[in-house]
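What follows is one structure encoded as structure tokens, with my remarks underneath.
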Amino acid sequence: AQTVTQSQPEMSVQEAETVTLSCTYDTSESDYYLFWYKQPPSRQMILVIRQEAYKQQNATENRFSVNFQKAAKSFSLKISDSQLGDAAMYFCAYGDGGSQGNLIFGKGTKLSVKP
Amino acid sequence: ETGVTQTPRHLVMGMTNKKSLKCEQHLGHNAMYWYKQSAKKPLELMFVYNFKEQTENNSVPSRFSPECPNSSHLFLHLHTLQPEDSALYLCASSQVSGGAIGANVLTFGAGSRLTVL
């Protein structure tokens, strides 16, 4: 069975600095998708970034980028120029590419941003 | 309204009560999901409806009963719950193409915070 591990329950970053959140996963599949979701204190979870496993190029979305290491099964999220609004729970998720797949989430990392 | 709307936002119920959670999506998606979010645990998928047909039921106790009357509405009927069922219940939707559910981006609602006394 696939698993997703986020080893950092909490992280803290100074405003305008860079922080990296780690995520590892375990799968025997070759076709899959990886996601980072953000859940601010208001609770509505939103997508931050999505990576297709068959693409070698790391996905980027403005200040958010990933370091996807397929062989190591690692999918870390880098947040550059951190802002106060980045404070949230961040969830890493794995999606199987098959018809019966669904998203498997990690336990999350709580990110605090210090002014 | 846009996005995924969940009601009620907060619900307190006794163990003998019957209540329902409602979810509505205005995105034209064809799949809807119920997730349970408990403190310090990963999100747990409870039910998936793909094209209104239930395709996943991850060993959820029968005291939780889903209903999907159409592709825009999803309900979670609750009865004789236990205190350990207290959690945030999240509804989500996605547009599934080619049958690859796991490839799709989920749009979540804000959740219904359930407390069972």
Side-chain angles (χ1 to χ4, degrees), chain A residues 1-10 23-55 59 61 64 75 88-110, chain B residues 1-6 8-10 23 25 27 30-51 53-60 87-114:
Chain A
Q2 294 89 356
T3 58
V4 176
T5 302
Q6 293 180 251
S7 58
Q8 307 151 316
E10 295 188 28
C23 173
T24 58
Y25 58 94
D26 189 24
T27 183
S28 57
E29 302 291 331
S30 58
D31 178 23
Y32 56 89
Y33 302 80
L34 297 165
F35 307 80
W36 279 98
Y37 281 87
K38 169 186 177 182
Q39 188 179 37
S42 64
R43 300 184 310 184
Q44 192 146 11
M45 194 149 357
I46 57 174
L47 177 73
V48 176
I49 204 163
R50 176 180 181 264
Q51 174 82 41
E52 294 139 321
Y54 63 85
K55 288 188 176 179
E61 281 291 335
F64 298 87
F75 183 61
M89 284 290 292
Y90 286 82
F91 294 94
C92 178
Y94 164 97
D96 198 304
S99 61
Q100 294 302 313
N102 70 80
L103 281 186
I104 299 168
F105 286 82
K107 291 185 179 182
T109 296
K110 183 178 181 181
Chain B
E1 284 199 56
T2 59
V4 178
T5 305
Q6 289 187 244
R9 292 292 301 273
H10 299 273
C23 177
Q25 60 99 358
L27 300 166
N30 56 16
M32 296 187 77
Y33 310 76
W34 279 116
Y35 279 90
K36 177 183 179 182
Q37 186 176 25
S38 306
K40 299 183 181 179
K41 292 177 69 175
L43 267 72
E44 300 172 58
L45 177 66
M46 300 176 72
F47 302 103
V48 179
Y49 278 83
N50 191 358
F51 297 96
E53 292 185 9
Q54 185 176 315
T55 58
E56 288 283 334
N57 177 343
N58 285 353
S59 303
V60 180
L88 182 67
Y89 288 84
L90 294 172
C91 174
S93 70
S94 72
Q95 182 63 24
V96 177
S97 57
I101 290 180
N104 298 283
V105 175
L106 298 182
T107 300
F108 285 88
S112 294
R113 172 71 64 187
L114 173 66

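To find a chain, count down the sequence lines: A is the first, B the second, and so on, and within it residues start at 1.
With a 4.5 Å cut-off on non-hydrogen atoms, A/Tyr94 does not touch chain B at all. Contacts of A/Tyr32 with chain B are absent, with no heavy-atom separation under 4.5 Å from either backbone or side chain. Contact annotation for A/Glu52: neither backbone nor side-chain heavy atoms come within less than 4.5 Å of a heavy atom of chain B.
By the 4.5 Å heavy-atom criterion applied to side chains, B/Leu106 and A/Phe35 are not counted as neighbours. Taking the side chain as every heavy atom from C-beta outward, B/Leu90 and A/Gln39 approach each other to under 4.5 Å. For the pair A/Tyr33/B/Val105, no side-chain contact is recorded, criterion being any heavy-atom separation below 4.5 Å from C-beta on. With a 4.5 Å cut-off on side-chain heavy atoms, A/Leu103 and B/Tyr33 do not count as touching. Taking 4.5 Å as the limit, every side-chain heavy atom of A/Phe105 sits out of range of all side-chain heavy atoms of B/Gln37.
To the nearest 0.5 Å, atom CG of residue B/Leu43 and atom CD1 of residue A/Ile104 are 12.0 Å apart.
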